[in-house]
Amino acid sequence: MATVEQTPAGTENGAAEGIPVENPATGEIITTVPDLSAGEVSDLIAKARAAQPEWEALGFDGRAKVFMRAQKWVMDNADRIIDVIVSETGKTHEDAQLAEISYAAGAFGFWAKNAPEFLADERIRPSSLFVKGKKLLTRYRPLGVVGVIGPWNFPLTNSFGDCIPALAAGNAVVLKPSEVTPLTSLLMAEMLRECGLPEHVYQVATGRGETGAALVDEVDFVMFTGSTETGKKVLARAAQTLTPVGLELGGKDPMIVLADADVERAANAAAFYSMNNGGQVCISVERVYVEEPIYDEFVSKVTDKVKGLRQGPSTGPGSVEVGAVIFPPQADIVDAHVKDAVAKGAKVLTGGKLAEGPGRFYEPTVLVDVDHDMDCMTQETFGPTLPIMKVRDAEEALRLANDSDYGLQASVWTKNADRGEALARRVEAGAVCVNDAQINYTALEAPMGGWKSSGLGTRHGVGGIRKYCAQQTLLVTKLAPKRDLHMFPYKARNTRMLGRLLKLLYGRGKRD
Ligand code: NDP
């Protein structure tokens with residue numbers, strides 16, 4: 001059985017009422033964690049604020065040492081971390097290994113190596129006449145205390161993962177994990193302590209939505225990952241204190257399969273990228289548009305593959321492909337989308353209902369004869385379902401793909417990569433793959449963020465760490481006269497001279 005210390009780092013006693021943590025694959029209650037009050041969150045933030053200067057003063061090299069120890073710790077303890085993730089999410093061993101362990105281990109190395117370059121001072125060559133010859137630069141300094149609020153689908157990657165660049169920049173972090181999956185975040189506190197992170201630089205505020213809301217009030221930046229609905233609440237609350245926020249929200253990712261696609265690869269990808277992590281991936285394939293000539297072949301291949309998937313509690317590597325529904329109300333949403341589609345004329349080719357217990361599983365489901373009057377094509381389902389729609393041509397697929405409030409990610413499948421890229425550029429989404437899906441997320445150099453209702457800002461890349469910093473411009477004047485030309489008192493001669501100078505600079509030559 002997976003074990004972690006249940007007292008959040010930095011809190012001695014937690015709250016009286018605990019939150020039970022369930023294993024969704026078995027229905028068993030594993031443990032309880034404290035439900036922190038607003039006052040207790042305040043205490044954590046005060047401790048974080050006091051601890052942050054020491055962490056910042058360590059510099060990039062000092063922080064990188066802790067990160068490289070952490071990277072090794074994650075690999076040395078991979079089985080233990082996987083056990084904890086699997087126990088609180090009911091996902092498969094592979095879902096925990098591929099998308100969580102490899103992400104965290106990679107991220108420690110990536111940010112240790114790149115933070116100094118991404119946050120280095122930048123000299124600026126001034127174009128303004130008034131600043132010529134002066135030293136002008138911009139620099140980045142940590143904001144102070146970053147609050148990270150995470151969802152339940154990837155407790156390591158999408159909750160703890162955002163703490164890594166925030167820490168790399170020299171901030172202290174308070175993480176509020178989902179009430180459903182708090183154990184991995186607590187294990188990371190134990191890990192960072194062992195790796196030499198100064199006390200209170202990383203703390204976990206376990207609790208429910210109110211705990212997250214309290215965090216928003218006092219931190220210097222809120223990095224939120226979760227639903228669009230909650231994201232809007234966080235944005236509204238942060239507006240009260242003018243606190244900057246990053247929002248990584250929901251998606252309804254379209255997959256466009258053109259007639260000249262490699263149908264076998266596209267079918268394998270459709271089955272995998274819609275069902276991995278039980279379909280509970282913000283960038284999972286949520287809907288498919290297939291050009292008419294290959295529609296029947298594609299549907300038949302995908303259905304065969306999905307029918308062959310094994311589902312149940314993961315007992316180790318290679319045991320099952322599709323895990324549990326992590327969050328209880330999500331099972332109702334998935335079921336409602338399938339029922340709504342069927343009521344409006346869709347056909348279920350496989351799956352289509354909640355599996356028998358124990359544990360909370362939704363059968364891997366393929367739907368056809370779907371359209372945009374159905375929730376399964378317009379609302380985020382976030383479960384192991386794959387609705388497939390036949391389209392006349394690429395233009396119809398593109399129109400339908402863009403007919404969405406969301407714009408997180410998308411994919412285009414064709415053997416003509418140039419045509420695929422041209423189409424990808426017309427899709428309204430923060431990231432689009434051609435003949436691939438999801439794996440762009442592992443390229444930490446590449447910005448990742450949603451358009452439309454899928455988010456604000458990006459994670460990863462240069463912007464993924466600069467957002468945790470205040471940008472400061474410095475202008476340093478070394479040699480200067482007692483009085484510059486433009487200073488008081490105004491004199492007609494100087495004004496005329498400046499006028500002539502401006503004309504010389506901006507008023508010469510023909511413009512057509
Ligand atoms: P929620 O929006 O329900 O919750 C996200 C987090 O916010 C949880 O920790 C939750 O706490 C907390 N919270 C709830 N209410 C408030 C509040 N008023 N103020 C501050 N925090 C609050 O999302 P889910 O956990 O259900 O996650 C699934 C969603 O996340 C999907 O929409 C998915 O697409 C999205 N997601 C987006 C990703 C991206 O990168 N774009 C990546 C992964 C997921 P509690 O759980 O205790 O209620």
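Just follow the structure's listing: the first ligand is 1, and inside any ligand the first atom is 1. Here the structure is a predicted model, which is why all the values come from computation and not from measurement. Note: hydrogens, waters and symmetry copies are ignored here, and every other heavy atom, side chains too, is used.
- Of the polar atoms of T225, none of the N or O atoms is found under 3.5 Å from an N or O of ligand 1, judged by distance alone.
- Of the protein's non-hydrogen atoms, E179 OE1, 3.1 Å is the one closest to atom 48 (O) of ligand 1.
- Contact annotation: the side chain of E88 approaches that of P182 to within less than 4.5 Å [non-hydrogen atoms, C-beta and beyond].
- For ligand 1, the atoms closer than 4.0 angstrom to any heavy atom of E248 are 37 (C), 38 (C), 39 (C), 40 (O), 41 (N).
- Here is the list of ligand 1 atoms found below 4.0 Å of a heavy atom in L408: 41 (N).
- Interface atoms of ligand 1 facing R208, defined by a heavy-atom separation under 4.0 Å, are 47 (O).
- By the neighbour-count criterion of 12 heavy atoms within 6.0 Å, atom NZ of K344 is densely surrounded, having more than that number from other residues, nucleotides or ligands.
- Side-chain contact check for R360 versus Q330: every heavy-atom pair is 4.5 Å or farther apart.
- At the shortest separation from atom 35 (C) of ligand 1 among protein heavy atoms lies G226 O, 3.2 Å.
- For N158, no nitrogen or oxygen atom sits less than 3.5 Å from a nitrogen or oxygen atom of ligand 1, counting backbone and side chain alike.
- Ranking the protein heavy atoms by distance from atom 10 (C) of ligand 1 puts K176 NZ, 3.8 Å first.
- Considering backbone and side-chain atoms alike, N153 places every N or O at 3.5 Å or more from each N or O of ligand 1.
- The closest side-chain heavy-atom distance from F160 to M191 is below 4.5 Å.
- Ligand 1 lies less than 4.0 angstrom from a heavy atom belonging to R459.
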Identify all side-chain donor-acceptor contacts of residues 446-456 below 3.5 Å with residues at least two apart in sequence or on another chain.
residue : atom : partner : partner atom : Å
K452    : NZ   : N402    : O            : 3.2
K452    : NZ   : S404    : O            : 2.8
K452    : NZ   : E428    : OE1          : 2.8
S454    : OG   : G250    : O            : 2.7
S454    : OG   : G407    : N            : 2.9
S454    : OG   : L408    : N            : 3.3

Please determine whether side-chain hydrogen bond (donor to acceptor under 3.5 Å, both in side chains) holds for the pair Q409 and N440, giving the CA-CA distance in whole Å, both sets of side-chain angles, and the decisive distance to 0.1 Å. CA-CA 10 Å; Q409 169 129 347; N440 55 301; 2.7 Å; yes
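- Here's the thing with F382: none of its N/O atoms is less than 3.5 angstrom from an N/O atom of ligand 1.
- Aromatic ring centroids of F382 and W152 lie under 6.0 Å apart.
- P142 places none of its side-chain heavy atoms less than 4.5 Å from the side chain of F221.
- When side chains are defined from C-beta on, S102 does not count as touching T442, because their heavy atoms never get closer than 4.5 Å.
- Given atom 23 (O) of ligand 1, the protein heavy atom at minimum distance is S227 N, 3.3 Å.
- Between K252 and the choices D405, T378, T381, D403, the side chain to side chain donor-acceptor pair (under 3.5 Å) rule is met once, by T381.
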Can you list, pair by pair, the side-chain donor-acceptor contacts under 3.5 Å of residues 162-174, counting residues two or more places apart and other chains?
residue : atom : partner : partner atom : Å
D162    : OD1  : R459    : NE           : 3.0
D162    : OD2  : R459    : NH2          : 2.7
N171    : OD1  : L143    : N            : 2.9
N171    : OD1  : G144    : N            : 2.8
N171    : ND2  : A166    : O            : 3.0
N171    : ND2  : Y468    : O            : 3.1

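- Polar contact with ligand 1: absent for V234 (N/O pair, distance under 3.5 Å).
- From the protein, the heavy atom lying nearest to atom 27 (O) of ligand 1 is P151 CB, 3.2 Å.
- Atom 17 (C) of ligand 1 has its closest protein heavy atom at G209 O, 3.6 Å.
- Taking a cut-off of under 4.0 Å to the non-hydrogen atoms of G207, the atoms of ligand 1 that pass are 47 (O).
- Between T230 and ligand 1, a contact under 3.5 Å exists for at least one N or O pair.
- A 4.5 Å side-chain heavy-atom check between L183 and P155 finds every atom pair outside the cut-off.
- Proximity to F224 (heavy-atom distance under 4.0 Å) selects the following atoms of ligand 1: 2 (O), 5 (C), 6 (C), 7 (O).
- Using a cutoff of 4.0 Å between basic side-chain nitrogens and carboxylate oxygens, D436 and R265 are scored as salt-bridged.
- Protein heavy atom in closest approach to atom 41 (N) of ligand 1: L249 O, 2.8 Å.
- The contact set between ligand 1 and A213, taken as ligand atoms under 4.0 Å from a residue heavy atom, comprises 19 (N), 20 (C).
- The shortest N or O to N or O distance between W152 and ligand 1 is under 3.5 Å.
- Considering backbone and side-chain atoms together, E380 places an N or O closer than 3.5 Å to an N or O of ligand 1.
- Listed by atom number, the atoms of ligand 1 under 4.0 Å from I149 heavy atoms are 6 (C), 7 (O), 9 (O), 12 (C), 20 (C), 21 (N).
- By the 4.5 Å heavy-atom criterion applied to side chains, T211 and T206 are not counted as neighbours.
- In terms of protein heavy-atom proximity, atom 36 (N) of ligand 1 is nearest to C282 CB, 3.6 Å.
- Atoms of ligand 1 found under 4.0 Å from any heavy atom of P177 (numbered from 1 in listed order, with element): 9 (O).
- Taking 4.5 Å as the limit, every side-chain heavy atom of Y406 sits out of range of all side-chain heavy atoms of L249.
- Side-chain contact, E248 with N158: no donor N or O sits under 3.5 Å from an acceptor N or O.
- By the 3.5 Å distance cut-off applied to N or O atoms, S178 is counted among the residues near ligand 1.
- Under a 4.0 angstrom heavy-atom cut-off, G150 registers as being in contact with ligand 1.
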